[in-house]
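In what follows, a single structure is set out as structure tokens and then discussed.
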Amino acid sequence: MLGRLLGRSRRTHPYTELYERHARQGGNVGIGDYDLIGRLELAVLRSVGLTPASTLLDFGCGDGRLAIHAVPFLAGGGNYIGIDVSTTFLAAATRRVADLGDLDGVSVTFRQQSTPDFELAPASIDVVCAFSVFTHMEHEDMYRYLGAMRHVVKDDGVMVMSVLPLDLAVAREIFLQQAALDPQSRWQTPRNVTTTREMVETIAGLAGWSLEQWLRGDEPHVIGPTGQLRHFGQTLAVLRPV
């Protein structure tokens with residue numbers, strides 16, 4: 001197993017400042033059972049075609065919630081690439097993966113990135129995921145990143161991302177909580193951005209993707225560790241390159 005932490009430009013970026021501060025304060029992005037969510041994320045990726053020989057791009061990998069489950073799974077000739085804006089999160093993810101011990105057959109790389117400029121070869125990624133990422137990002141930035149991802153994903157690849165559409169009760173509660181804040185206060189901590197299916201599908205189409213599946217977060221779609229179907233909480237959008 002080859003583990004690397006690659007640096008990027010040091011340009012100041014609002015998302016970088018926000019999440020680096022949050023990480024240094026000991027925060028995680030998102031709530032729920034940490035280990036269970038990581039296992040469910042891997043189950044989702046396997047259901048859309050992730051194999052032990054795949055190259056997986058984990059965009060917004062955080063401190064390794066998915067990585068500690070995905071890396072052992074990919075120890076069959078696969079590649080794991082974790083990208084995040086926070087160097088503190090990336091350092092934690094690197095340590096978590098290192099604690100797994102030697103896993104032959106898998107290449108592991110962590111990268112700090114704060115812009116949509118992916119330093120990856122075109123059409124080199126089989127599966128890209130963004131769990132609890134676009135739920136914290138403005139729609140215009142979702143478009144920019146989806147467009148950049150389209151260039152690095154293979155034509156037969158797949159993208160999975162979680163979103164908070166307003167047809168979920170929890171998303172409506174989140175929207176009202178955010179609306180109660182003034183614009184400056186809203187961005188003092190990682191905020192939750194709500195959306196709609198129409199908006200996600202339209203933005204994805206503009207960026208070169210088609211919506212293949214829309215898995216509501218309040219309905220059981222994901223096979224849990226004990227074999228039972230579970231709901232994911234956030235809605236999952238499965239995209240294919242156009």
Side-chain angles (χ1 to χ4, degrees), residues 1-8 34-87 89-113 116-134 145-146 148-162 209 212-213 215 221-225 227 232 236-241:
M1 178 176 70
L2 175 61
R4 294 172 289 165
L5 175 58
L6 304 180
R8 293 296 304 273
Y34 184 91
D35 184 72
L36 174 62
I37 292 174
R39 293 179 184 275
L40 293 179
E41 290 173 347
L42 177 60
V44 170
L45 298 179
R46 293 182 64 180
S47 73
V48 300
L50 185 75
T51 73
S54 296
T55 295
L56 170 65
L57 171 57
D58 183 5
F59 179 65
C61 65
D63 61 1
R65 181 172 61 186
L66 170 60
I68 58 175
H69 301 291
V71 169
F73 176 77
L74 293 169
N79 299 279
Y80 172 89
I81 303 168
I83 289 178
D84 204 272
V85 297
S86 168
T87 55
F89 276 148
L90 288 168
T94 302
R95 291 193 297 270
R96 287 178 183 274
V97 170
D99 287 343
L100 297 173
D102 291 332
L103 295 171
D104 294 333
V106 57
S107 171
V108 179
T109 304
F110 288 103
R111 296 175 181 267
Q112 193 279 336
Q113 179 178 323
D117 302 319
F118 290 92
E119 291 185 353
L120 299 169
S124 60
I125 304 297
D126 297 298
V127 181
V128 57
C129 62
F131 292 112
S132 295
V133 178
F134 296 129
Y145 280 99
L146 285 178
M149 289 172 181
R150 176 63 189 90
H151 294 292
V152 301
V153 172
K154 297 177 181 177
D155 287 342
D156 60 351
V158 63
M159 163 87 188
V160 179
M161 64 182 191
S162 65
W209 299 86
E212 181 178 81
Q213 295 184 72
L215 306 175
H221 294 289
V222 186
I223 299 177
F232 193 76
L236 298 171
V238 181
L239 309 178
R240 294 282 180 180

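In this chain, residues are counted from 1 in sequence order. If you're wondering where the values come from, they're calculated on a predicted model, not measured in any experiment.
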Output for pair (I37 CD1, S132 OG), nearest 0.5 Å, gives 7.0 Å
Taken to the nearest 0.5 Å, the spacing of L50 CG from L74 CG works out to 5.5 Å
Of all heavy-atom pairs linking H69 and L42, the shortest is O-CD2, 3.5 Å
Give a yes or no on whether a salt bridge exists between R95 and D99, defined as a side-chain N under 4.0 angstrom from a carboxylate O.
no
Practice task
Determine, stepwise, if the pair F131 / V160 fulfils side-chain contact (heavy atoms from CB on, under 4.5 Å).
Solution key: CA-CA 8 Å; F131 292 112; V160 179; 4.1 Å; yes
Residues P72 and A67: closest non-hydrogen pair is CD-O, 4.0 Å
OG1 of T87 to CZ of F110, rounded to nearest 0.5 Å, is 13.5 Å
- Message: Please check this pair: side chain of S54 against backbone of L56, looking for a donor-acceptor N/O pair closer than 3.5 Å.
- Response: no
Yes or no on side-chain contact (heavy atoms from CB on, under 4.5 Å) for L236 and Q213, after CA distance, side-chain angles and deciding distance?
CA-CA 8 Å; L236 298 171; Q213 295 184 72; over 6 Å; no
**Prompt:** Should we count CZ of R240 as having more than 12 external heavy atoms under 6.0 Å?
**Reply:** yes
Heavy-atom closest pair (C129 atom, L45 atom, distance to 0.1 Å) is CB-CD2, 3.8 Å
### Task
Side-chain contact test, heavy atoms from C-beta onward, threshold under 4.5 Å: evaluate it for L120 versus R111 and give yes or no.
yes
CZ of R39 to CG of L66, rounded to nearest 0.5 Å, is 12.0 Å
Heavy atoms of P241 and G157 approach each other most closely as CD-O, 3.2 Å
Close side-chain approach of L146 and M159, heavy atoms under 4.5 Å:
yes
So, do T55 and I81 sit near enough that their side-chain heavy atoms are less than 4.5 Å apart? yes
Taking every heavy atom of A93 against every heavy atom of G64, the minimum-distance pair comes out as CB-N, 3.6 Å
Subject >> Note, P225 side chain near L36 side chain (heavy atom, < 4.5 Å) >> reply: yes
- request: State, yes or no, whether a side-chain contact exists between V133 and M161 at a heavy-atom distance under 4.5 Å.
  value: no
Margin query: Keeping Q112 on the side-chain end and V85 on the backbone end, is there a donor-acceptor pair under 3.5 Å?
Written below: yes
Here the gap from L57 atom CG to D126 atom CG, rounded to the nearest 0.5 Å, amounts to 11.0 Å
*Do any N or O atoms from the side chain of R96 and from the backbone of D63 form a donor-acceptor pair under 3.5 angstrom?*
yes
- Query: How are the rings of F118 and Y145 set to each other: parallel, tilted or perpendicular (split at 30° and 60°)?
  - Reply: perpendicular
*ring pair (Phe, Tyr, Trp, His ring centres under 6.0 Å) evaluation trace for F73 with Y80*: CA-CA 10 Å; F73 176 77; Y80 172 89; over 10 Å; no
Report task. Kindly determine whether V158 and V238 satisfy side-chain contact (heavy atoms from CB on, under 4.5 Å), including the steps that lead there. Result -> CA-CA 7 Å; V158 63; V238 181; 3.7 Å; yes
**Prompt:** Within a strict 4.5 Å, meaning less than it, do heavy atoms of the N79 and T109 side chains meet?
**Reply:** no
Heavy-atom nearest pair, I223 first then L40, reads O-CD2, 4.1 Å
